[in-house]
Amino acid sequence: GAGVSQSPSNKVTEKGKDVELRCDPISGHTALYWYRQSLGQGLEFLIYFQGNSAPDKSGLPSDRFSAERTGGSVSTLTIQRTQQEDSAVYLCASSSIRGGLAGVGTYNEQFFGPGTRLTVL
Amino acid sequence: GENVEQHPSTLSVQEGDSAVIKCTYSDSASNYFPWYKQELGKGPQLIIDIRSNVGEKKDQRIAVTLNKTAKHFSLHITETQPEDSAVYFCAASMGDYKLSFGAGTTVTVRA
């Protein structure tokens with residue numbers, strides 16, 4: 001079946017402009033996550049959605065970053081007034097229910113999309 | 001918060017040889033340790049994981065070991081093949097959705 005998809009695959013923007021990144025999770029997955037992957041760095045957690053609610057926004061680096069999810073499906077990550085340090089690959093992941101250990105032998109795996117490479121000039 | 005360190009950052013091996021990647025974590029409450037493989041242009045994919053109540057786990061050519069006392073865990077790939085070339089990430093979790101990732105290891109398998 002279809003995996004997690006993200007668009008655009010690449011985005012080049014000028015400093016100060018706003019950008020929107022889109023994530024389409026696997027159909028039926030209620031949990032959705034955004035991560036940022038900077039050059040030479042591991043994945044940095046940004047935000048977690050359960051349904052349309054975001055119980056954990058602790059990873060958003062500043063108030064220029066926001067995200068929403070509608071209909072329990074598609075999510076949009078918006079970065080306002082982009083800065084050069086925002087340049088990174090933004091990854092989205094989804095899981096069938098809340099990710100994590102769920103009893104013996106069960107882990108709710110997060111499935112990742114291919115990412116959006118954002119370049120801020 | 002949890003801090004995961006991963007070494008080496010790059011690793012080049014001859015086809016057929018073994019590759020070992022090591023990670024350390026800081027929070028003794030972490031109890032779940034997955035490994036991800038990221039191929040060029042794709043998102044990371046879970047390849048193997050280990051729980052804190054297990055010392056070693058093997059799946060065909062890959063294996064993971066965990067030393068809770070020392071707070072480190074390792075990925076071992078035996079009989080490496082060209083398709084093993086990728087970036088590998090370790091991660092640690094306290095059993096919930098939040099994963100703390102290492103910086104990644106770029107593995108190149110030379111034919």
Side-chain angles (χ1 to χ4, degrees), chain A residues 2-7 9-10 23-26 29-50 54-59 88-117, chain B residues 1-10 21-27 29-54 57 59 64 66 73 75 86-106:
Chain A
V4 178
S5 61
Q6 293 186 244
S7 61
S9 55
N10 281 284
C23 171
D24 281 87
I26 292 172
H29 279 193
T30 60
L32 186 146
Y33 319 81
W34 283 96
Y35 293 85
R36 180 168 69 176
Q37 184 176 21
S38 301
L39 192 63
Q41 303 293 318
L43 281 70
E44 174 190 5
F45 169 82
L46 297 179
I47 188 170
Y48 155 61
F49 283 93
Q50 183 60 46
D56 188 348
K57 306 178 183 179
S58 62
V89 175
Y90 290 83
L91 289 160
C92 173
S94 69
S95 62
S96 57
I97 54 178
R98 195 183 91 149
L101 294 173
V104 176
T106 302
Y107 176 74
N108 299 315
E109 181 180 350
Q110 296 181 29
F111 294 85
F112 285 84
T116 294
R117 181 175 296 279
Chain B
E2 175 65 276
N3 181 46
V4 177
E5 294 192 357
Q6 182 171 347
H7 300 281
S9 56
T10 61
I21 304 169
K22 299 182 179 182
C23 290
T24 60
Y25 61 100
S26 61
D27 197 328
S30 289
N31 60 5
Y32 176 70
F33 307 92
W35 286 88
Y36 289 82
K37 176 182 181 183
Q38 186 175 26
E39 297 176 337
L40 198 62
K42 297 183 179 180
Q45 182 176 11
L46 179 69
I47 56 171
I48 194 168
D49 56 18
I50 192 166
R51 314 290 171 89
S52 59
N53 58 348
V54 175
K57 183 177 178 180
D59 182 3
V64 58
L66 172 66
F73 56 113
L75 178 72
V87 180
Y88 292 81
F89 292 96
C90 62
S93 168
M94 297 183 196
D96 64 1
Y97 59 85
K98 192 169 285 187
L99 297 169
S100 297
F101 286 85
T105 297
T106 301

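The sequence lines fix the lettering, A, B, ..., with proteins before strands; numbering per chain opens at 1. The structure displayed is predicted, hence computed values, not measured ones.
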Euclidean distance, B:Phe101 CZ relative to A:Leu43 CG, rounded to 0.5 Å = 4.5 Å
query = What's the spacing between B:Cys23 SG and B:Gln6 CD if we round to 0.5 Å?
reply = 4.0 Å
task = Find out whether A:Leu91 and B:Pro44 are in side-chain contact, i.e. whether some heavy atom of one side chain is under 4.5 Å from a heavy atom of the other.
result = yes
inquiry  = Does any backbone or side-chain atom of A:Gln6 lie under 4.5 Å from a heavy atom of chain B? Answer side chain, backbone, both or neither.
reply    = neither
note = If one checks every heavy atom of A:Ser58 against chain B at 4.5 Å, the contacting part turns out to be side chain
Portion of B:Gln38 that has a non-hydrogen atom of chain A nearer than 4.5 angstrom = side chain
remark   = ring pair (Phe, Tyr, Trp, His ring centres under 6.0 Å) with A:Phe112: of A:Tyr90, A:Tyr33, A:Tyr35, only one passes, and it is A:Tyr35
